[in-house]
Visitor: 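I'd like to ask you about the structure that follows.
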Amino acid sequence: MTSNSSSATPLLEVANVSKSFTMHLHGGARRDVLRAISFTAAPGEVVTLGGPSGAGKSSLLKMIHGDYHCPDGAIRIRHDDGVTDLASAAPRRILALRRHVIGYVSQFLRVIPRVSTLDVVAAAGREGGLAPDVASERARTLLTMLNVPGHLWALPPATFSGGEQQRVNIARGLIAPRPLLLLDEPTASLDARNRAVVVELIREKQRAGAAIVGIFHDEDVRDAVATRIVDVTRFAPAA
Ligand SMILES: Nc1ncnc2c1ncn2[C@@H]1O[C@H](COP(=O)(O)OP(=O)(O)OP(=O)(O)O)[C@@H](O)[C@H]1O
C-alpha cells in the first residue's frame, strides 16, 4: 500500500513537485517543505497522504487545488478536454476545473454570510452542474445522512458547532459528481457515528470511479478507506 502508482490510467499525476515558503515577516527566511514529490491517483483509488504534522500534506493538497502556486514540477489532471498542468494553468482554467473536475473538502467551512445551510449545499451542487431540483434534493439527502438536524437547514451555518460546520462542509464538497476529490481531514471534528457516515460517502464516491486524495489523521478512517499511502516525508528536505 505504499507504492506511488497503480496500473490504471491516472487521473492525477503529481511529478517532481517541490514547495518552499518565504517568510517575509522573518527577514525573508526560506522554509523548504516538499522536494520532488511524485505520485499518481487513478479512478477508484483513495490515495492517502501520510507524514507527521507539518510535513506538508495540506500544502500539497492546496497546490493540487490551485490555492498554492506550484513553482517546480507538474500537476497534470486528465479531463474530458485533455490534460491540464495546474502548475502552469491560467487562473480562469483552474476555476473551470474546480467547477467540473476537482472537488475539495477543506478543514474549515468558509461561506457567504446569511445564506441558509440548505442553499449553501444546493448552490455547490448547481455550481457543479446539477439541475436546481436535483441539487436541492441531493442537498437534503446529504444533510440527512450526515445527521444535520432539519431545524438548522434554514439557518446560516456561521454559528454552528465545529462538527456541524464540518458536516455541512462535507455535504458541500461531495454533492457534485466530480472525478477528482481532495479531502483535507474531513472527519477531524466528528463523532464515531458521523465518521462512519463519511467513510461510507467516500466509498460511494470511490465505487462511482472518483480518484480521491486525502489526509486522514484518524487511523481507523485511514485504514477503512485508503487503497495506497504516499508518505510525503520521503520527499521532504532534510531539516
Ligand atoms: N502560507 C504559508 N506560509 C508559510 N508557511 C506555510 C504556509 N503554509 C504552510 N506553511 C508551513 O509549511 C509546513 C507544512 O504545513 P502543512 O499545513 O502543509 O503541514 P501538514 O503536514 O498538513 O500538517 P498537519 O498534519 O499539522 O495539518 C508547516 O511548517 C507550515 O507552517
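Just follow the structure's listing: the first ligand is 1, and inside any ligand the first atom is 1.
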Visitor: Spell out, yes or no, whether L61 and L95 are grouped together once hydrophobic residues are joined by side-chain heavy atoms under 4.5 Å, including indirect joins.
Guide: no
Visitor: Do N16 and D72 meet the criterion of a side-chain donor-acceptor pair at a distance under 3.5 Å?
Guide: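 No - no donor-acceptor pair under 3.5 Å links their side chains.
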Visitor: Could you please provide the protein residues found below 4.0 Å of ligand 1 on a heavy-atom basis, arranged by chain and number?
Guide: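 Lining ligand 1 at under 4.0 Å, by heavy atoms, one finds F21, R31, V33, P52, S53, G54, A55, G56, K57, S58, S59, Y68, E185, H217.
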Visitor: Between S58 and D184, do the side chains contain a donor N or O and an acceptor N or O under 3.5 Å apart?
Guide: yes
Visitor: Would a single hydrophobic cluster contain both V134 and M145, if residues Ile, Leu, Val, Met, Phe, Trp and Tyr are joined by side-chain heavy-atom contacts under 4.5 Å?
Guide: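 Yes, it is one cluster - the side chains of M145 and V134 are joined through contacts under 4.5 Å.
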Visitor: If you count heavy atoms of other groups shown closer than 6.0 angstrom to CG of D133, is the number above 12?
Guide: yes
Visitor: Does E200 come within less than 4.0 Å of K205, counting only side-chain N to carboxylate O?
Guide: no
